[in-house]
Amino acid sequence: MMRKPVIGITAGNLKIHDAKRTFVNQNDIQAIINAGGIPVLIPPQVKDELDRYLKICDGFYFPGGPDVSPLCFKEEPNPGLSFVETARDRLEIDLIKKAAAAGKTLLGVCRGMQVINIALGGNVYQDLTKQFTEPQKLLQHAQKGDINEASHHVKIVAGTHLAKMFAESTLTVNSHHHQAVRRVAAGLRVAARADDGVIEAIESENSLQILAVQWHPEFLVETVPAMQLIFDDFIQRILVKLS
Ligand SMILES: [Mn+2]
């Protein structure tokens with residue numbers, strides 16, 4: 001039997017009850033384990049050890065988190081910008097560039113999708129409500145309901161890898177973001193959009209290297225079990241390369 005792929009997962013730092021913690025949400029860890037991967041945590045503090053992680057890990061998963069600093073895509077902060085974690089920005093952007101160049105398989109969720117797009121030369125709306133070109137059309141993307149419940153639809157673009165993964169061309173997803181991909185990086189293409197035009201998934205144009213979604217499949221798997229496909233497909237894409 002083939003060995004299980006080792007998946008590097010970038011972590012965040014925060015302070016809870018006086019204790020500083022380095023964390024990855026349990027749903028992210030569980031989704032990777034359920035797909036057949038072995039999770040390895042990559043905290044912002046190890047930014048000088050990325051070459052070692054590239055050797056250790058077969059693929060990298062970039063989960064949700066705070067806003068990406070606009071300095072990373074050469075913009076000044078919009079008043080709608082929220083909390084940022086610049087050490088995590090720096091590590092993730094370096095890691096994405098190195099991992100992409102090394103041919104590693106990548107999966108991004110929410111912030112993870114945005115930071116992949118930025119690292120590869122694209123940018124994001126710092127705040128959809130303040131910057132989206134047609135604000136009157138905007139859906140509610142920062143859902144007020146439970147994150148484990150779907151809140152809006154996305155349409156999958158025909159002919160994409162994402163379209164091959166799901167039987168339906170429309171998915172119901174949760175939505176916990178106020179930023180979104182704006183200019184798509186070269187080498188990536190749009191794989192799904194919401195009805196207002198907001199980009200909800202991107203993927204590699206000419207390979208199966210990168211897939212990223214704006215929603216949180218790791219929180220949806222209990223109510224929409226098909227969402228585990230996103231993690232299963234990630235591990236499968238790695239296994240095909242390792243075989
Ligand atoms: Mn959304």
Side-chain angles (χ1 to χ4, degrees), residues 12 25 27-28 31 61-68 70 73 78-84 92 106-120 122-158 160-163 165-185 188-203 210-231 233-234:
N25 288 342
N27 285 61
D28 292 306
Y61 172 46
F62 298 87
D67 285 4
V68 184
F73 46 96
N78 182 281
L81 183 73
S82 189
F83 176 76
V84 297
E92 288 187 333
L106 311 184
L107 175 65
V109 157
C110 199
R111 166 198 165 86
M113 161 162 151
Q114 295 162 11
V115 77
I116 286 171
N117 186 59
I118 291 163
L120 299 180
N123 65 11
V124 301
Y125 294 103
Q126 294 183 41
D127 182 65
L128 279 172
T129 60
K130 292 209 165 45
Q131 297 181 312
F132 193 61
T133 32
E134 295 174 279
Q136 74 285 357
K137 277 176 64 177
L138 268 183
L139 308 180
Q140 185 189 66
H141 287 280
Q143 79 182 53
K144 297 185 170 76
D146 194 309
I147 188 73
N148 301 295
E149 301 283 351
S151 75
H152 72 67
H153 294 92
V154 299
K155 286 200 180 73
I156 300 177
V157 177
T160 57
H161 178 62
L162 191 68
M165 288 165 53
F166 288 94
E168 309 81 16
S169 60
T170 299
L171 304 176
T172 53
V173 302
N174 52 6
S175 196
H176 203 258
H177 62 110
H178 75 113
Q179 302 200 311
V181 166
R182 189 171 193 170
R183 185 185 70 245
V184 178
L188 301 178
R189 66 182 175 195
V190 175
R193 285 183 193 271
D195 281 350
D196 54 12
V198 167
I199 296 171
E200 290 275 344
I202 53 175
E203 62 179 38
I210 298 170
L211 178 78
V213 299
Q214 183 56 67
W215 65 93
H216 282 276
E218 78 282 12
F219 282 119
L220 263 190
V221 285
E222 278 174 30
T223 49
V224 187
M227 286 298 161
Q228 180 63 31
L229 282 173
I230 289 170
F231 298 94
D233 169 84
F234 173 50

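Each residue takes its place number in the sequence, starting with 1. All values derive from a computational prediction rather than experimental measurement. Start at 1 and go down the list; that is how both ligands and their atoms are numbered.
Put simply, the side chain of T172 does not reach to within 4.5 Å of the side chain of H152, judged on heavy atoms. Residues V68 and R111 meet the side-chain proximity criterion, which asks for heavy atoms closer than 4.5 Å.
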Pair up each side-chain donor or acceptor in residues 133-140 with any protein partner under 3.5 Å, not counting sequence neighbours, and list the distances.
none

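Looking at residues two or more places apart in sequence or on another chain, you find a side-chain contact (heavy atoms from CB on, under 4.5 Å) between R183 and N123.
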| query | Can you list the steps and then say if H178 with D127 is a side chain to side chain donor-acceptor pair (under 3.5 Å)? | reply | CA-CA 5 Å; H178 75 113; D127 182 65; 2.5 Å; yes
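Identified under the salt bridge (charged side-chain N to carboxylate O under 4.0 Å, His left out) test for residues 140-157, with sequence neighbours left out: K155-D195.
Listed by chain and number, the protein N, O or S atoms at a distance under 2.8 Å from the Mn ion (ligand 1) are H141 ND1, H152 NE2, S175 OG, H177 NE2, E200 OE2.
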